[in-house]
Amino acid sequence: MCGRFSLIMEIEGLALRFEFEPYGLAQPPRYNVAPTQPVLAVRGGEPRQALYMRWGLLMSGAGQAPSGRPIINARAETVVERPGFRSALARRRCLVLADGFYEWQHDGAGRRPMRITLASRAPFAFAGLWNAWRSPQGDVVESCTIITTEANELVRPIHDRMPVILPEELETLWLDEEMQDAAALASVLAPYPSERMAAYEVSTLVNSAFNDGPELIAPAEQGRLL
DNA sequence: CCAGACGTTGTT
DNA sequence: GTCTGG
DNA sequence: CCAGACGTTGTT
DNA sequence: GTCTGG
């Protein structure tokens with residue numbers, strides 16, 4: 001799954017790479033983005049729109065409170081058929097920007113945090129869905145979820161699920177609101193190729209969502225490399 | 001019809 | 001909202 | 001995802 | 001164990 005990630009590049013670089021206007025967006029380097037925190041998302045249209053959304057989709061109740069816990073992930077294998085995701089998949093797709101994500105490898109009693117990046121170390125986009133929930137007071141909360149799929153060969157020793165990273169050439173397709181072919185959308189939600197990714201062990205400092213700094217992405221002493 | 005869930009992960 | 005269960 | 005709290009009553 | 005908060 002994907003429950004923690006990083007986004008370190010400055011906003012101007014992200015704006016060039018993902019084709020949005022950076023004005024008004026402050027993006028401090030984030031080494032430990034956790035559920036319920038704001039994430040930088042890009043929506044389709046001309047031009048594309050970048051904004052912050054709360055991570056964890058608030059499933060809309062009938063106007064009162066959001067129902068249940070926020071949903072930080074959606075399964076690619078079932079997202080097409082789930083009622084709760086249906087309208088978001090049709091009309092509210094987005095990119096969630098990142099440059100690495102963390103998975104905890106469980107062995108015996110222990111747990112080792114691993115950081116997984118592109119081999120190039122370039123930033124990338126998770127396939128996301130978003131939602132707008134209006135509170136009784138009239139406030140609109142925009143929230144999003146990250147789609148997951150089965151792990152590729154690189155990630156499988158660490159964990160059996162991984163987030164969907166969109167190949168750069170498919171980002172526009174994912175954001176295209178005219179695209180309504182469910183089979184075509186589902187085919188986009190595939191594991192990213194192992195040979196273009198890398199993984200290494202990091203310090204358990206990343207375990208606490210209160211920690212955030214460059215030391216979180218430093219390779220662990222005598223840590224594993226994949 | 002209304003009421004109540006709606007999601008994932010991991011662990012057992 | 002939209003779907004399932006009663 | 002992980003970390004950390006988790007409860008009431010009455011009395012001070 | 002289970003729930004909430006980040």
Side-chain angles (χ1 to χ4, degrees), chain A residues 1-7 28-40 52-94 96 98-117 126-136 140-151 155-165 182 186 189 191 199 201-213 215-217 220:
Chain A
M1 78 112 51
C2 177
R4 221 66 85 74
F5 65 90
S6 60
L7 179 61
R30 290 301 315 280
Y31 301 87
N32 196 6
V33 180
T36 73
Q37 294 180 353
V39 299
L40 186 57
Y52 285 94
M53 294 183 188
R54 179 187 160 100
W55 182 16
L57 201 63
L58 302 174
M59 301 299 251
S60 46
Q64 316 298 324
S67 70
R69 311 262 325 129
I71 306 302
I72 65 170
N73 294 125
R75 291 176 64 90
E77 297 90 334
T78 54
V79 70
V80 172
E81 62 210 39
R82 287 283 186 267
F85 294 138
R86 200 181 136 111
S87 61
L89 185 69
R91 300 190 297 275
R92 296 188 303 277
R93 300 186 292 266
C94 65
V96 177
D99 52 24
F101 61 94
Y102 301 99
E103 298 285 0
W104 280 259
Q105 182 169 26
H106 291 246
D107 37 75
R111 241 176 333 156
R112 298 163 164 239
M114 305 286 291
R115 181 164 186 257
I116 300 147
T117 66
F126 293 129
L129 300 176
W130 66 277
N131 209 345
W133 174 77
R134 182 178 288 272
S135 79
V140 174
V141 180
E142 290 177 312
S143 62
C144 62
T145 194
I146 294 170
I147 300 179
T148 61
T149 186
E150 61 180 347
V155 177
R156 196 168 300 130
I158 304 171
H159 195 69
D160 64 342
R161 305 287 301 170
M162 64 181 274
V164 171
I165 295 174
L189 303 176
E201 187 175 353
V202 294
S203 141
T204 53
L205 283 171
V206 75
N207 289 13
S208 170
F210 292 99
N211 294 330
D212 191 357
E215 62 277 12
L216 274 61
I217 64 165

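Just so you know, these numbers use all the heavy atoms, side chains as well, and skip hydrogens, waters and symmetry mates.
- Here A/E150 pairs with nothing under the side-chain hydrogen bond (donor to acceptor under 3.5 Å, both in side chains) rule; sequence neighbours left out.
- Among the protein residues, A/R75 comes within range of the sugar-phosphate backbone only, with heavy atoms under 4.0 Å from sugar or phosphate atoms but none that close to a base.
- With sequence neighbours left out, A/F126 forms a ring-ring contact (aromatic ring centres under 6.0 Å, His included) with A/F5, A/F124.
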(request) Toss me the dot-bracket line for DNA chain B: Watson-Crick and G-U wobble, both under 3.5 Å, 5' to 3', using | for pairs to another strand and [ ] for crossers. (result) ||||||......
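- Within the nucleic acid shown, A/A74 comes within 4.0 Å of sugar-phosphate atoms alone, with no base atom in reach, counting heavy atoms only.
- Distance from the side chain of A/I71 is smallest to B/dG7 among B/dT9, D/dC1, B/dG7.
- Residues satisfying the side chain to side chain contact (heavy atoms under 4.5 Å, CB included) test with A/R156, not counting sequence neighbours, are A/A151, A/E153.
- Look at CZ on A/R111: it is 9 Å from C1' on D/dC1, rounded to the nearest Å.
- The residue A/Y102 sits apart from the nucleic acid: no heavy atom pair falls under 4.0 Å.
- Only the C1' atoms considered, E/dG6 is 24 Å distant from B/dC6, to the nearest whole Å.
- Per the geometry, CG belonging to A/L58 stands 15 Å off C1' belonging to B/dT8, to the nearest Å.
- When the C1' atom is used for both E/dG1 and B/dT12, the distance is 12 Å, rounded to whole Å.
- Straight-line distance from the CD atom of A/Q105 to the P atom of D/dC1: 15 Å, rounded to whole Å.
- In this model, the phosphate group of B/dT9 is approached by a side-chain N or O of A/R161 to a distance below 4.0 Å at OP1 or OP2.
- Considering only residues two or more places apart in sequence or on other chains, A/F101 meets the ring-ring contact (aromatic ring centres under 6.0 Å, His included) condition with none of them.
- Annotation: side-chain hydrogen bond (donor to acceptor under 3.5 Å, both in side chains) contacts of A/R112 (sequence neighbours excluded): A/E201.
- In this structure, A/R93 has no salt bridge (Lys or Arg N to Asp or Glu O under 4.0 Å) partners at least two apart in sequence or on a different chain.
- A sub-4.0 Å separation between OP1 or OP2 of D/dC2 and a side-chain N or O of A/H106 is present.
- A/D160 comes within 4.0 angstrom of the backbone, heavy atoms only, and of no base.
- Among the heavy atoms of the strands lying under 4.0 Å from A/T36 is at least one base atom, whether or not backbone atoms are also near.
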(request) Give the intermediate values and the outcome of salt bridge (Lys or Arg N to Asp or Glu O under 4.0 Å) for residues A/D99 and A/R115. (result) CA-CA 10 Å; A/D99 52 24; A/R115 181 164 186 257; 3.5 Å; yes
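- Between A/I147 atom CD1 and B/dG7 atom P there is a gap of 14 Å when expressed in whole angstrom units.
- Nearest heavy-atom pair across A/R54 and A/L58 is NE-CD2, 4.1 Å.
- For A/R82, a side-chain nitrogen or oxygen approaches OP1 or OP2 of B/dT8 to under 4.0 Å.
- Of the side-chain N and O atoms in A/N207, one or more sit less than 4.0 angstrom from OP1 or OP2 of D/dA3.
- As rounded to whole Å, 12 Å separates atom P of B/dT9 from atom CD1 of A/I146.
- Distances shorter than 4.0 Å separate none of the side-chain N or O atoms of A/R92 from OP1 or OP2 on C/dG1.
- In this structure, the side chains of A/Y102 and A/S6 come closer than 4.5 Å at one or more pairs of heavy atoms.
- By the side chain to side chain contact (heavy atoms under 4.5 Å, CB included) test, A/A127 pairs with A/I147, A/V164, A/L166, A/W174, A/L189, sequence neighbours left out.
- With P as the reference atom, B/dG7 and C/dT4 are 10 Å apart, rounded to whole Å.
- Remark: A/R161 engages A/E77, A/T148 in a side-chain hydrogen bond (donor to acceptor under 3.5 Å, both in side chains) (not counting sequence neighbours).
- What you find for A/E142 and A/A132 is that their closest heavy atoms are CG-CB, 4.2 Å.
- Across the protein-nucleic acid pair, A/F85 atom CZ and B/dG7 atom P stand 6 Å apart, rounded to whole Å.
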Between N or O atoms, less than 3.5 Å apart, protein on one side and nucleotides 4-6 of chain D on the other: list the pairs.
none

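- Taking atom C1' in both B/dC1 and D/dT8, one finds a spacing of 43 Å when rounded to whole Å.
- For A/T78, counting side-chain heavy atoms from C-beta on, the closest listed nucleotide (B/dT8, D/dA3, B/dT11) is B/dT8.
- The residue A/T148 sits close only to the backbone: its heavy atoms come under 4.0 Å of sugar-phosphate atoms, none of a base.
- When the P atom is used for both B/dT9 and D/dC2, the distance is 13 Å, rounded to whole Å.
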Enumerate the protein-to-nucleotides 4-6 of chain C contacts in which both atoms are nitrogen or oxygen and the separation is below 3.5 Å.
none

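- The side-chain hydrogen bond (donor to acceptor under 3.5 Å, both in side chains) search around A/N131 returns none, not counting sequence neighbours.
- Contacts of A/G84 with the nucleic acid, taken as non-hydrogen atoms under 4.0 Å apart, involve only primed sugar atoms and P, OP1 or OP2.
- In plain terms, the two heavy atoms of A/W55 and A/I72 that are nearest each other are NE1-O, 3.1 Å.
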